[in-house]
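Structure first, commentary second.
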Amino acid sequence: MEKNKELAGIFEKIADILELKGENIFKVKAYRRAAAVISELSRDINAIWQNGELKQVEGIGKSMAEKIDEYLSTGRIGKYCELMEEIPGGLLELLKIQNLGPKTLFIAYNQLGVKNLNDLEAVIENGRLESIFGMGDKKIENIKTGISLYKSGKGRISIGLALPVVDKIIDFIGPYADKVSVAGSLRRMKETAGDIDILAVSSEADRAIEAFTGYSEAKEVSAKGETKASIIISEENLQVDLRVVGKESYGAALQYFTGSTAHNVKIRGLARNKGLKINEYGVFQGEKVIAGAAEEDVYRALGLPWIPPELREDRGEIEAAAHEGLPLLVKREDIKGDIHIHSNYSDGKNDIGTIAIAAGKLGYEYIGVCDHSKTSRIAGGMDEEKLKRRNEEIDRQQEKITGLKILKGIEVDILSDGQLDYSDAILEELDFVIAAIHQGFSKNAGIRMKKAMDNPLVDIIAHPTGRLLSGRKGYELDIEEIIAYAAEKNVALEINSHFDRLDLNDTNILKGRAKGIKFIISTDLHSTEMFDSIKLGIGMARRGWLGKEDILNAYSWNEMPLRRRYHD
DNA sequence: GCCGTTTTCGGCCCGACTGTTTTCAGTCG
């Protein structure tokens with residue numbers, strides 16, 4: 001799948017250069033679309049190419065197919081190389097600066113010789129940028145703001161960090177509107193957010209806008225109109241957009257602002273084919289409004305069932321909705337227990353009794369206590385003796401609580417030689433075993449993980465890629481190979497809900513789903529306050545099209561299809 | 001550059017906000 005990524009990157013760059021040069025915008029869009037389609041492909045583009053099926057891929061026509069063919073057979077694309085030579089290396093990067101678009105940048109390059117960020121700042125400083133036709137003080141100011149945002153460049157942040165910010169803002173605007181909802185990528189539960197989109201219903205848009213732009217944590221109001229405003233939140237440097245509509249347009253606006261762009265482009269194309277027009281105010285047949293108040297009505301107007309936001313990525317959901325039907329996605333109520341929990345027997349904050357009581361209040365049927373094994377010393381890993389004492393403590397707490405089963409689990413380290421951190425005899429005494437790599441990320445991680453899966457006592461692999469959203473790359477392994485091996489061995493893979501992990505993520509979940517593997521959705525809990533974070537893992541699972549039948553901890557304990565209950 | 005259940009040519013999602021404009025282009029989502 002490495003080639004998919006490379007080709008998508010190349011097409012995206014071609015689009016950037018063509019746009020900069022002022023080429024036909026629809027040609028530019030064709031390249032962007034092809035890039036998006038290729039990066040979302042669930043199959044290796046090499047295989048599609050070898051089967052001669054390139055042109056059957058949506059958005060790939062004669063010209064794109066030729067370029068893909070050229071790349072896969074020669075390792076380069078002539079047209080791409082030519083384009084890259086026309087434009088200085090650092091220039092495209094400047095397109096990421098907000099308020100500085102391709103038109104302005106190209107003029108700055110052509111007329112003022114701006115080739116990189118330093119040049120750009122220099123022509124702002126010496127006033128030459130202002131000499132460009134149509135450029136004024138305000139525009140310069142906005143570009144300067146864009147540059148400072150770009151430099152502080154936090155980029156995208158985890159959904160786990162963005163959602164609490166959203167909740168606060170929604171609470172804040174609540175009194176000034178009839179209804180307030182999150183939209184955009186956060187509603188789709190995408191793993192990271194680049195900005196926050198909020199939709200409000202009000203007959204007095206100005207009151208809501210006024211309140212919003214006065215929000216105490218806004219360090220800047222970057223736009224303020226009659227129905228729409230944007231602020232920048234201080235700490236996270238996140239842009240927050242508010243859109244206010246009347247209640248007759250709520251569904252259409254929610255559909256529109258939830259996106260994704262690719263999903264909406266296709267939805268609107270469908271509408272056009274039916275002689276309808278969709279915008280954020282409603283679905284129109286000529287002048288007549290035929291839907292708009294509820295999102296369900298918008299989809300129904302196109303002959304489609306309502307599509308859950310997590311699926312709206314143009315990954316086949318529209319076709320599924322139109323024909324074979326959408327998958328029945330796992331819901332929070334389906335989750336019967338959390339089975340990756342750390343107690344104070346390793347690095348967790350709470351004692352087992354406290355955790356059990358908190359889980360009982362959530363209505364869980366069971367919890368799985370999974371402390372660290374002895375080699376994870378920093379995480380308070382337990383030696384065999386301590387593990388024994390922990391198990392006795394679980395027995396004691398079990399006697400005190402009814403209606404909740406406390407399972408004896410372990411998060412056992414996969415050592416540098418692929419051996420597990422305890423003997424089989426110890427692992428056999430436990431209800432289930434989760435294995436994980438915590439050190440030696442670059443030392444044969446894939447081979448070690450597969451060796452761990454060779455042990456029939458290993459039921460689950462935790463955080464299978466090891467990546468962190470805050471920047472750590474993860475283990476050096478081929479995740480597709482791991483997924484295929486897990487399928488072969490009946491090992492389940494974890495969907496870890498920790499805000500910085502979200503591992504597996506949606507695309508890897510989709511690959512696992514295609515192989516028919518099982519998953520667990522867990523919190524990797526270190527404190528009872530973290531129970532709620534399971535919503536993030538559920539979001540990832542839903543984005544990966546999973547139903548409750550795919551999730552081990554959506555089964556009752558007696559029915560859970562754990563690997564050790566198979567005869568393999 | 002892609003695409004077709006009115007089209008193989010002529011469309012391509014659609015609209016808000018801003019700034020610099022006397023009617024609209026650029027940028028964004």
Side-chain angles (χ1 to χ4, degrees), chain A residues 11 14-15 18-20 22-37 54-68 79 95-108 130 132-143 145-146 149 183-188 193-199 205 209 213 221-231 239-245 249 252-253 255-284 298 302-303 314 322:
Chain A
F11 284 164
I14 293 178
L18 293 179
E19 188 173 24
L20 207 52
E23 263 280 5
N24 181 329
I25 191 65
F26 297 108
K27 188 193 274 197
V28 173
K29 285 185 177 182
Y31 276 101
R32 287 207 205 290
R33 175 139 183 266
V37 167
L54 278 179
K55 285 175 77 173
Q56 289 163 37
V57 178
E58 259 192 285
I60 307 290
K62 184 164 171 285
S63 163
M64 302 278 186
E66 280 170 9
K67 291 189 177 67
I68 295 169
K79 170 161 177 171
L95 283 172
K96 292 182 186 160
I97 295 170
Q98 280 211 34
N99 307 319
L100 176 66
K103 303 285 183 195
T104 312
L105 183 58
F106 195 59
I107 295 172
E130 230 178 320
I132 291 177
F133 179 77
M135 189 61 67
D137 288 352
K138 293 273 183 69
K139 279 195 177 180
I140 301 271
E141 264 324 295
N142 288 340
I143 292 171
T145 305
L149 279 176
S185 63
L186 286 170
R187 182 163 180 248
R188 303 199 309 278
D195 62 10
I196 294 175
D197 297 295
I198 293 174
L199 179 67
I209 297 280
T213 51
V221 176
S222 46
K224 184 177 175 183
E226 287 175 19
T227 66
K228 191 178 157 181
S230 301
I231 59 175
Q239 176 165 325
V240 186
D241 299 331
L242 173 72
R243 184 67 188 268
V244 189
V245 297
S249 298
Q255 197 285 325
Y256 175 57
F257 289 110
T258 296
S260 64
T261 303
H263 175 90
N264 282 359
V265 166
K266 191 169 270 185
I267 286 289
R268 288 177 185 218
L270 272 183
R272 226 182 22 252
N273 291 343
K274 288 178 184 286
L276 304 173
K277 188 182 82 168
I278 302 185
N279 58 28
E280 56 263 57
Y281 299 107
V283 182
F284 296 83
V298 174
L302 302 177
D314 190 22

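Chain letters run A, B, ... following the sequence lines, proteins first and then strands; every chain starts at 1. Here the structure is a predicted model, which means the values were calculated and not measured.
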Is [X] close enough to [N] that one of its side-chain N or O atoms is under 4.0 Å from OP1 or OP2 there?
X       : N       : result
N142(A) : dG19(B) : yes
S230(A) : dC17(B) : no
K29(A)  : dC3(B)  : no
T227(A) : dC17(B) : yes
N264(A) : dC13(B) : no
Y281(A) : dC13(B) : no

Donor-acceptor check, side chain of [X] to backbone of [Y], threshold 3.5 angstrom: yes or no?
X       : Y       : value
S249(A) : A252(A) : no
D197(A) : A183(A) : no
T104(A) : L100(A) : no
N142(A) : N99(A)  : no

Report the nucleotide, chosen from [options], that has the shortest atom-to-atom distance to any side-chain atom of [X].
X       : options                   : answer
R268(A) : dC13(B), dG29(B), dG26(B) : dC13(B)
K103(A) : dG26(B), dA16(B), dC14(B) : dG26(B)
N279(A) : dC2(B), dT20(B), dG15(B)  : dG15(B)
F26(A)  : dC28(B), dC12(B), dC17(B) : dC12(B)
Q98(A)  : dC28(B), dT20(B), dG15(B) : dC28(B)
D241(A) : dG1(B), dG29(B), dC13(B)  : dG29(B)

Requested in this report: Kindly indicate, with the supporting measurements, whether the criterion salt bridge (charged side-chain N to carboxylate O under 4.0 Å, His left out) is fulfilled by K266(A) and E58(A).
Outcome: CA-CA 11 Å; K266(A) 191 169 270 185; E58(A) 259 192 285; 2.8 Å; yes
What's the gap between [N] and [M] when it is taken at their [atom1] atoms, as a whole Å value?
N       : M       : atom1 : result
dC13(B) : dC28(B) : C1'   : 14 Å
dT21(B) : dG11(B) : C1'   : 29 Å
dT6(B)  : dC2(B)  : P     : 24 Å
dT23(B) : dG19(B) : C1'   : 13 Å
dC12(B) : dC17(B) : P     : 23 Å
dG26(B) : dT20(B) : C1'   : 11 Å

Contacts of N24(A) and L95(A) projected onto DNA chain B by closest heavy atom; the upstream (5') one is N24(A)
key: Of K228(A) and R272(A), the one whose closest DNA chain B nucleotide lies more 5'   =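 Whichever sits nearer the 5' end wins; that is R272(A).
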Can you measure [X] atom [atom1] to [N] atom [atom2] for me and round it to whole angstrom units?
X       : N       : atom1 : atom2 : answer
I140(A) : dG19(B) : CD1   : C1'   : 12 Å
F257(A) : dC28(B) : CZ    : P     : 16 Å
R32(A)  : dG1(B)  : CZ    : C1'   : 13 Å
E226(A) : dG15(B) : CD    : P     : 16 Å
K277(A) : dG11(B) : NZ    : P     : 16 Å
I198(A) : dA16(B) : CD1   : P     : 20 Å
K138(A) : dT27(B) : NZ    : P     : 18 Å
K139(A) : dA25(B) : NZ    : C1'   : 7 Å

Separation between OG (S230(A)) and CD1 (I198(A)), nearest 0.5 Å, reads 11.0 Å
Touch class at under 4.0 angstrom, heavy-atom based, for [X] against every strand present:
X       : result
I267(A) : nothing
Y31(A)  : sugar-phosphate
K266(A) : nothing
R33(A)  : nothing
L270(A) : nothing

Ionic contact status for K228(A) with E280(A), cut-off 4.0 Å:
no
- Item | Beyond-backbone contact of E23(A) with Y31(A), side-chain heavy atoms, under 4.5 angstrom | no
The Watson-Crick or G-U wobble partner of dT8(B), with both key distances under 3.5 Å, is none
